[in-house]
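Residue numbers run from 1 in the order of the sequence given.
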Amino acid sequence: MFNFLSNTATTHAAADSYTVKLLLAPVYELFLSPTAALIAEQIIILWRQIRGAVLVPLLRVVVIACTVMSIVVLMEKVFIGLVSLYMKVFRRRPENVYKCDAIVAADAENGAAAFPMVMVQIPMYNEKEVYQLSIGAACKLSWPLDRLIVQVLDDSTDPIIQDLVKNECDEWSKKGINIRYETRKDRAGYKAGNLKEGMKHSYVECCEYVAMFDADFQPEPDFLMKTIPFLVHNPKLALVQSRWKFVNADDCLLTRMQEMSMDYHFKVEQEAGSSMCAFFGYNGTAGVWRTRAIMEAGGWEDRTTAEDMDLAVRASLLGWGFVYVGDIKVKSELPSTLKAYRSQQHRWSCGPALLFKKMLWDILEAKKVSMWKKFYMIYSFFVARRIISAFFTFFFFSILLPVKIFFPEVIIPKWELLYVPTVITLLNSVGTPRSLHLIILWVLFENVMSLHRCKAIFIGLLEAGRANEWIVTEKLGDMLKTKPVIRVTENLRIKERFHLLELGLGVFLLLCAFFDYAFRRDCFYLFILPQSITYFIVGFGFIGIIIPS
């Protein structure tokens, strides 16, 4: 009967009530009374009417919506890809576009005076595994000692970790480093509040530039020597952003997947924004700001979890320019556990969505930026890249394709099903050629993570309960090299061990794949079954490094 009902649904236009009654007659006689048979027949007829009048037109609208979204994403990918290619072919590197001559001391006696005052900020929160790495790297920067201040902003709530960080600062202070250890009463505003409080100290007023590094970032000694000249020789520049280099990309499959996404972000997205309109989203670390630009933009705001992007947008609307220098790389750490990665992705998806909602009119009404820059910020930077991309990925691959199996009369164009996703995928893969063989796994993983991102985007747009939730990304530092990591889950709580939304979608996709293989045989199960397996892998937490609580 299940087979018959499914076939009735697919051929609803050809069957009438008389045919339904005739074909179901043996079933009626065996199992149903005449009254029950009549009710069953009416239910089938009603289903057919709802299906034809409501569900099929609705799905066709969804197909159109997904087609529009895919075109938007494709256009954005192709455009910024062409811009990035143009920059490489014609060697339009930052050092060829902007003046960045090295700072040279005029004479031996007053040599240090040629160097501007620079403050290095390191915000941290219970960073037991990495605090020594970041503080040590900052204190080893090549810059005149009397022109450098290292500011450690410690929001740690663990008194033992506080003592460790303070003692580390004291040790460097004994070596002649002007290092300041700063704490505050509470964690109001999280990282943004910490940075905002750090800018209030009197010694900040003499600092022309502020370099920022998260606790897991380790700049090379010549970092300031390479970045500060861009700001010194170009008064309209507010920010120099460097590229992240990942020290643990080969730890596990999860970090390899992240490397592919992040390399594309830096090599294509950041480079394109920098070259087209001197605007891109500040990455929150491994960058150097002009202090005056921070102050003119209103300082740090904690209204979203994207405080770095918030500051960048406000500064850009005042006419300040940014430059991305991909040749300058700073070592950092990718989240190695699924829990840490999910928390990071929630913050990176929810924050920009909420920021876009709060700043849309500010962008439209800005008078110091061109219409082209406004269009780029709204369309490419926010809508296409951070909202529509996640929506298209999730709704097309995880909702529309499996549901379409039950509605064969709904047609998805071949170019929409195969060609557009293939081109988008290939464009995303250019950032990490060494991982090209993992491209299919990367696509499946990104499709699963799009569910998590879509949920976070909705939370941000609606300003729901978790809109401003800030969970610091867990870092392992050198722990994997010095301590054995036990890959067990006995100590994890149930909600950390299982992800019900992913598991639910995995079951749904598995049933759709089985139905397609058993009754449709149109090969859609080849798309859906691997996706179902990936949902189960993520839902059960079988990716990344698992450590006991």
**Q** Kindly write out the residues that satisfy salt bridge (Lys or Arg N to Asp or Glu O under 4.0 Å) with Glu301, not counting sequence neighbours, or none if the list is empty.
**A** none
**Q** Name all residues meeting the ring-ring contact (aromatic ring centres under 6.0 Å, His included) criterion together with Phe407; count only those two or more places apart in sequence or in a different chain, and write none if there are none.
**A** none
**Q** Could you list all the salt bridge (charged side-chain N to carboxylate O under 4.0 Å, His left out) pairs where at least one residue sits in residues 67-77, not counting sequence neighbours?
**A**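 Non-adjacent pairs meeting salt bridge (charged side-chain N to carboxylate O under 4.0 Å, His left out): Glu76-Arg385.
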**Q** With sequence neighbours excluded, tell me which residues meet side chain to side chain donor-acceptor pair (under 3.5 Å) with Asn283.
**A**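 For Asn283 the side chain to side chain donor-acceptor pair (under 3.5 Å) partners, ignoring immediate neighbours, are His265, Gln270.
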**Q** Hey, could you give me each pair passing salt bridge (charged side-chain N to carboxylate O under 4.0 Å, His left out) that has a residue in residues 436-446? Not counting sequence neighbours.
**A**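 Sorted result for residues 436-446: Glu446-Arg453.
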**Q** Taking only residues two or more places apart in sequence, or in another chain, which ones meet Asp216 in a salt bridge (Lys or Arg N to Asp or Glu O under 4.0 Å)?
**A** none
**Q** Does CD1 belonging to Ile440 count more than 12 external heavy atoms closer than 6.0 Å?
**A** no
**Q** Does Lys329 have any side chain to side chain donor-acceptor pair (under 3.5 Å) partners at least two apart in sequence or in another chain, and if so, which?
**A** none
**Q** Strictly by salt bridge (charged side-chain N to carboxylate O under 4.0 Å, His left out), give each pair with a member in residues 411-425 just once, sequence neighbours left out.
**A**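 Output for this query is empty, none listed.
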**Q** Under the 6.0 Å and 45° cation-pi test, does Arg187 pair with Tyr125?
**A**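 Cation-pi check for Arg187 and Tyr125: passes.
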**Q** Give me each pair satisfying ring-ring contact (aromatic ring centres under 6.0 Å, His included) with a member in residues 349-371, each pair once, sequence neighbours excluded.
**A**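 Matches after skipping sequence neighbours: Phe356-Phe382.
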**Q** Flag the pair Asp155 / Lys191 as yes when at least one side-chain heavy-atom distance between them is below 4.5 Å, and no otherwise.
**A** no
**Q** Of all residues at least two apart in sequence or in a different chain, which pass the side chain to side chain donor-acceptor pair (under 3.5 Å) check with Glu463?
**A**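 Glu463 satisfies side chain to side chain donor-acceptor pair (under 3.5 Å) with Lys357 only.
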**Q** Applying ring-ring contact (aromatic ring centres under 6.0 Å, His included), name anything that partners Trp244, two or more places apart in sequence or on another chain.
**A**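 With neighbours one apart ignored, the set is Phe217, Phe266.
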**Q** Does any part of the side chain of Leu461, heavy atoms only, come nearer than 4.5 Å to the side chain of Leu354, both counted from C-beta?
**A** no
**Q** Of all residues at least two apart in sequence or in a different chain, which pass the ring-ring contact (aromatic ring centres under 6.0 Å, His included) check with Phe391?
**A**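 Phe458.
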**Q** Look up atom CE in Met257 and atom CD1 in Ile543, then write down how far apart they are to the nearest 0.5 Å.
**A**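 Output value for this atom pair is 6.5 Å.
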